[in-house]
Amino acid sequence: MDFVADNDNNNGDNNNNLLGETFTASDKFLERAHITRMDYYHRIYQLSVQNPDAFWLNIAEQFYWHNGIQRNNNNTRAAAAGDGADGKLFDYNFDVTKGPINIRFMSGSKTNACYNLVDRIIDKGLGDRIAYIWIGNDLNERKTITYSELKRNVCKFANVLKIQGIRPGYRVAIYLPVSLELVTAMLACSRIGAVHTVVFAGFSSQSLADRIIDANCRLLVTADGTVRGNKLIKLKDISDESLVLCKHRNHKLVSCIVVKHLPVPNSCQQNRWSKYEPKFDETIDHYWDELIEAASDECQPVWLDAEDPLFILYTSGSTGKPKGVVHTIAGYMLTTALVFKYAFNYRDGDTFFCTADLGWITGHTANVYGSLANGATAVLFDGIPTHPNAGRLWQIIDENGVNSFYTAPTAVRTLMKFGDDYVNRWTMAKLKLIALVGEPINREAWLWLYNVVGRGRCPIVDTYFQTETGAPMIFPIPGCIPMKPGSATLPFFGIVPVILSEDGQELSGPNSGYLAFKNAWPSIARTIDGNHERFESTYFRKFPNYYFTGDGAVRDQNGYLWVTGRTDDMLNVSGHLLSTAEVESAILDNKRIAEVAAVSMSHPIKGEAICCFVVLKAQQIYDLQLEIDLKQRVRDKIGAIATPECLFSVRALPKTRSGKIMRRILAKIARNDVRELGDLSTISDESVIDELITVRRVVGDGDSGQQ
Ligand code: WTA
């Protein structure tokens with residue numbers, strides 16, 4: 001795909017004179033890099049922000065539009081600016097004080113994401129190219145599928161959905177392990193205009209039910225189960241529980257389609273799942289393979305508006321109720337395609353491996369939409385990095401000739417702990433690039449990745465993004481932008497980050513503050529499903545005329561951005577956002593608990609872990625069983641990922657005189673960082689603090705979250 005012409009590589013100097021420690025790509029990498037010169041980056045960047053319509057038009061032209069590219073939409077922004085409506089792709093209002101937040105891109109143009117991702121690639125003559133290499137939990141589990149085969153399966157499943165009554169705009173919940181069927185189901189939805197909402201298969205029945213109801217899903221696609229490491233996860237049982245919960249809340253689904261994902265039990269050895277027999281309710285359940293078998297493999301794509309919804313993906317919100325982030329077709333498709341090409345320096349025929357589960361935005365963006373739009377071959381891994389040993393990811397890279405590897409800092413820290421030998425056993429011969437996402441990476445882990453995994457020759461692309469931004473926004477374009485360990489560096493084309501002070505002033509030069517974005521970009525979320533007011537208040541009210549990320553950031557003397565973490569009540573555990581409120585509400589379900597505050601503490605592997613301070617009701621005694629029950633409740637209600645690392649029983653919580661829990665103080669106590677507790681002038685009872693510190697010292701191990 002030739003979105004932006006590559007620069008002519010050999011003249012002009014790559015700006016290596018940045019202060020501080022920087023790393024640049026090797027000469028070998030530069031030979032195949034799309035962009036190698038900073039002046040070229042700056043030039044394209046300027047063009048992209050000064051004339052976004054022209055920039056994105058060039059990219060849109062690489063895709064198929066059923067009625068051509070419509071540029072005469074009712075462009076209120078252009079009209080307001082007095083510069084005419086013609087030729088504009090964007091139409092948006094970012095200023096909540098002037099009217100509702102409204103973002104539209106290319107509306108009026110008709111397209112179909114699945115067609116652009118699959119049919120368009122086949123039409124380019126790449127039908128026999130492998131779209132996915134699927135690798136299961138155990139070493140012998142491997143399947144491949146070409147673009148043509150994928151299209152066939154997608155069409156069949158799209159017809160199945162139609163037969164089940166799914167129409168454009170209907171919502172379909174997908175609760176599956178990382179599998180070819182999961183991608184097939186997502187694409188089938190987009191082919192017929194249904195809206196997919198993928199729920200991470202590690203979530204509990206309660207979380208699944210909440211999402212099914214919130215999004216008003218009519219159909220659920222699930223599996224019998226999956227095996228992760230040595231653990232069997234009974235997905236169908238969990239789905240059944242969740243459908244019972246839905247029924248109690250008067251939400252009825254039309255059908256539940258079950259993929260037989262578990263390998264057939266091996267007759268010689270007693271497999272862990274051979275005794276597991278999920279229930280099958282004929283009034284609602286259907287087996288995937290039986291439906292697929294009977295369906296036609298021809299299905300015309302439905303031509304949809306560029307601004308029709310493509311999917312909903314839930315992310316944590318600081319009120320505790322998950323937010324259904326809505327992405328629309330054209331903006332998301334174009335941005336993910338473009339970012340995929342530049343962030344991973346995608347070259348025709350490259351094999352890409354991203355460890356993210358498809359249930360998170362990274363999985364959607366990198367493994368499905370970005371990868372397919374570029375005609376890439378992607379590896380999908382349905383196992384864990386330490387099974388059967390801590391060399392599994394490196395083995396996958398070698399055995400499948402992986403060129404680009406995308407993972408999260410938490411995985412890097414876990415694997416680093418096992419030592420270099422596991423990596424050194426493998427050659428990493430084809431690997432040319434490593435990318436990261438999810439949380440800030442510490443320097444030590446960055447250097448280990450660079451030197452040990454990348455053998456000192458692979459750029460490390462630290463990509464900053466969010467479920468709401470749809471695609472990476474800030475990252476060092478490999479081969480061009482020099483890297484600094486721990487910094488996501490500079491913005492991608494079309495993105496204007498700013499650092500704001502508490503009172504909303506843009507801070508220039510080296511500074512720290514709130515990270516926000518000026519101007520819309522195509523893949524920004526359009527709303528929170530069913531709650532536009534919450535969308536506006538979460539992202540646009542604190543700083544009118546900006547999209548506020550909720551993160552803090554530092555800009556250094558070179559203009560590089562260092563994301564420092566959340567500034568709200570959100571926790572980032574193993575690269576996944578969780579809200580303190582959600583965890584607290586699970587703990588409060590226990591009748592022995594009067595009050596609770598969940599805060600984050602640093603954790604050597606997960607980055608952050610959850611620490612809860614609980615106040616018991618009168619006459620209650622804290623014991624081990626209560627601790628077990630509380631942890632179990634959080635697992636059941638949200639999922640294992642949210643399990644608190646530490647629980648402390650305390651007499652009272654520190655509160656302001658108006659009764660607000662002072663979480664920043666609790667976070668410092670949880671982190672054993674009590675030298676400087678900050679401003680205590682509003683606290684109602686200062687004696688609580690000393691007690692808390694004592695409890696933390698006596699009960700805690702003092703070693704950031706190890707139990
Ligand atoms: C954090 C994940 C530092 C950040 C794609 C953001 C990062 C949240 C980085 C979004 C990074 C993501 N450096 N922090 N490279 N990437 N984050 O929605 O706090 O699950 O707001 O999307 O992850 O998490 P989400």
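- Note that OG1 of Thr36 is 11.5 Å distant from NE2 of His34, once rounded to the nearest 0.5 Å.
- We find the OG1-CD1 distance between Thr22 and Ile481 to be 12.5 Å, quoted to the nearest 0.5 Å.
- Remark: the Thr328 side chain and the Arg526 side chain contain an N/O donor-acceptor pair separated by less than 3.5 Å.
- Using a 4.5 Å cut-off on side-chain heavy atoms (C-beta onward), Phe517 and Met473 make contact.
- A centroid separation of 6.0 Å or more is found between the aromatic rings of Tyr546 and Phe94.
- With a 4.5 Å cut-off on side-chain heavy atoms, Leu433 and Phe344 count as touching.
- The closest donor-acceptor contact from the side chain of Asn572 to the backbone of Gly438 lies under 3.5 Å.
- For Phe548 and Tyr539, the distance between ring centers is not under 6.0 angstrom.
- Within the cation-pi definition used here (under 6.0 Å to the ring centroid, within 45° of the axis), Arg457 does not qualify as a partner of Phe29.
- Contact of the Lys518 side chain with the Val49 side chain is not registered, since no non-hydrogen atoms from C-beta on lie closer than 4.5 Å.
- In this structure, the side chain of Thr538 does not engage the main chain of Phe535 through any donor-acceptor pair within 3.5 Å.
- For the residue pair Asn442 / Arg413, a side-chain donor-acceptor distance below 3.5 Å is found, with atom types taken as modelled.
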Could you please spell out the steps behind the side-chain contact (heavy atoms from CB on, under 4.5 Å) verdict for Tyr560 and Ile474?
-> CA-CA 10 Å; Tyr560 274 38; Ile474 306 173; over 6 Å; no
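- Aromatic ring centres of Phe405 and Trp394 lie closer together than 6.0 Å.
- Using a 4.5 Å heavy-atom threshold, the side chains of Tyr514 and Thr549 count as separate.
- Annotation for Glu444: atom CD does not count as buried by contact number, only 12 or fewer foreign heavy atoms lying within 6.0 Å.
- Aromatic pair Trp426/Tyr422: centroids not less than 6.0 angstrom apart.
- The distance between the ring centers of Phe353 and Tyr406 does not fall below 6.0 angstrom.
- When only modelled atom types and interatomic distance are considered, Arg671 and Ser600 share a side-chain donor-acceptor pair under 3.5 Å.
- In this structure, the side chains of Ile135 and Asp382 stay at 4.5 Å or more apart for every pair of heavy atoms.
- Taking the six-membered ring for Trp, Tyr314 and Phe200 have ring centres at least 6.0 Å apart.
- Using a 4.5 Å heavy-atom cutoff, the side chains of Lys28 and Leu30 are not in contact.
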Kindly determine whether Phe492 and Phe475 satisfy ring pair (Phe, Tyr, Trp, His ring centres under 6.0 Å), including the steps that lead there.
-> CA-CA 7 Å; Phe492 186 56; Phe475 58 88; 5.1 Å; yes
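- A centroid separation of less than 6.0 Å is found between the aromatic rings of His364 and His196.
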Ring pair (Phe, Tyr, Trp, His ring centres under 6.0 Å) assessment of Tyr369 paired with Phe340 = CA-CA 9 Å; Tyr369 288 93; Phe340 187 92; over 10 Å; no
Step by step, work out the side-chain hydrogen bond (donor to acceptor under 3.5 Å, both in side chains) result for Thr111 and Asn116.
-> CA-CA 8 Å; Thr111 192; Asn116 274 293; 2.9 Å; yes
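- Contact record, Leu561 with Pro497: CD1-CG, 3.7 Å, taken as the closest heavy-atom pair.
- The shortest distance between side-chain heavy atoms of Tyr464 and Leu515 falls below 4.5 Å.
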Residue pair Glu502, Lys542: steps toward the salt bridge (charged side-chain N to carboxylate O under 4.0 Å, His left out) verdict = CA-CA 9 Å; Glu502 183 66 45; Lys542 186 170 169 73; 3.2 Å; yes
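- Here the side chains of Met186 and Val198 are in contact, with some heavy-atom distance below 4.5 Å.
- A salt bridge between Arg566 and Glu439 is absent, with no side-chain N of the basic residue lying under 4.0 Å from a carboxylate O of the acidic one.
- Under 4.0 Å is where a charged nitrogen must lie from a carboxylate oxygen, and between Lys432 and Asp350 at least one such pair does.
- Closest approach of Asn511 to Ile499, counting heavy atoms only: O-CD1, 4.0 Å.
- Shortest non-hydrogen contact noted between Gly359 and Asp357 is N-OD1, 2.8 Å.
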From CA spacing to verdict: salt bridge (charged side-chain N to carboxylate O under 4.0 Å, His left out), Asp348, Arg129 | CA-CA 11 Å; Asp348 192 35; Arg129 175 171 286 174; 2.9 Å; yes
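- Side-chain atoms of Tyr41 and Gln46 include no donor-acceptor pair closer than 3.5 Å.
- Side-chain atoms of Thr407 and Thr355 form a donor-acceptor pair, as typed in the model, at a separation below 3.5 Å.
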Walk me through it: do Gln466 and Tyr547 pass the test side-chain hydrogen bond (donor to acceptor under 3.5 Å, both in side chains)?
-> CA-CA 12 Å; Gln466 303 181 298; Tyr547 165 87; 2.8 Å; yes
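- Summarising the geometry, atom CD1 belonging to Ile361 is positioned 5.5 Å from atom CG belonging to Leu313; distances are rounded to the nearest 0.5 Å.
- Between Tyr332 and Phe311, the distance separating the two ring centers is shorter than 6.0 angstrom.
- The CD1 atom of Ile397 lies 13.0 Å from the NZ atom of Lys430; values are rounded to the nearest 0.5 Å.
- No side-chain donor-acceptor contact under 3.5 Å links Trp446 and Asp462.
- How far CZ of Phe90 is from CZ of Phe55: 10.0 Å, rounded to the nearest 0.5 Å.
- Asn558 and Lys484 are linked by a side-chain donor-acceptor pair at a separation below 3.5 angstrom, with hydrogens and angles left out of the test.
- The closest donor-acceptor contact from the side chain of Arg555 to the backbone of Gly509 lies under 3.5 Å.
- Between atom CG of residue Leu117 and atom OG of residue Ser190 there is a gap of 7.0 Å, rounded to the nearest 0.5 Å.
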Would you sort out whether Met106 and Ile69 count as a side-chain contact (heavy atoms from CB on, under 4.5 Å), showing the intermediate values?
-> CA-CA 8 Å; Met106 297 190 70; Ile69 295 174; 3.9 Å; yes
Mind running ring pair (Phe, Tyr, Trp, His ring centres under 6.0 Å) on Phe493 and Tyr45 for me, showing each step along the way?
-> CA-CA 5 Å; Phe493 303 136; Tyr45 178 77; 7.2 Å; no
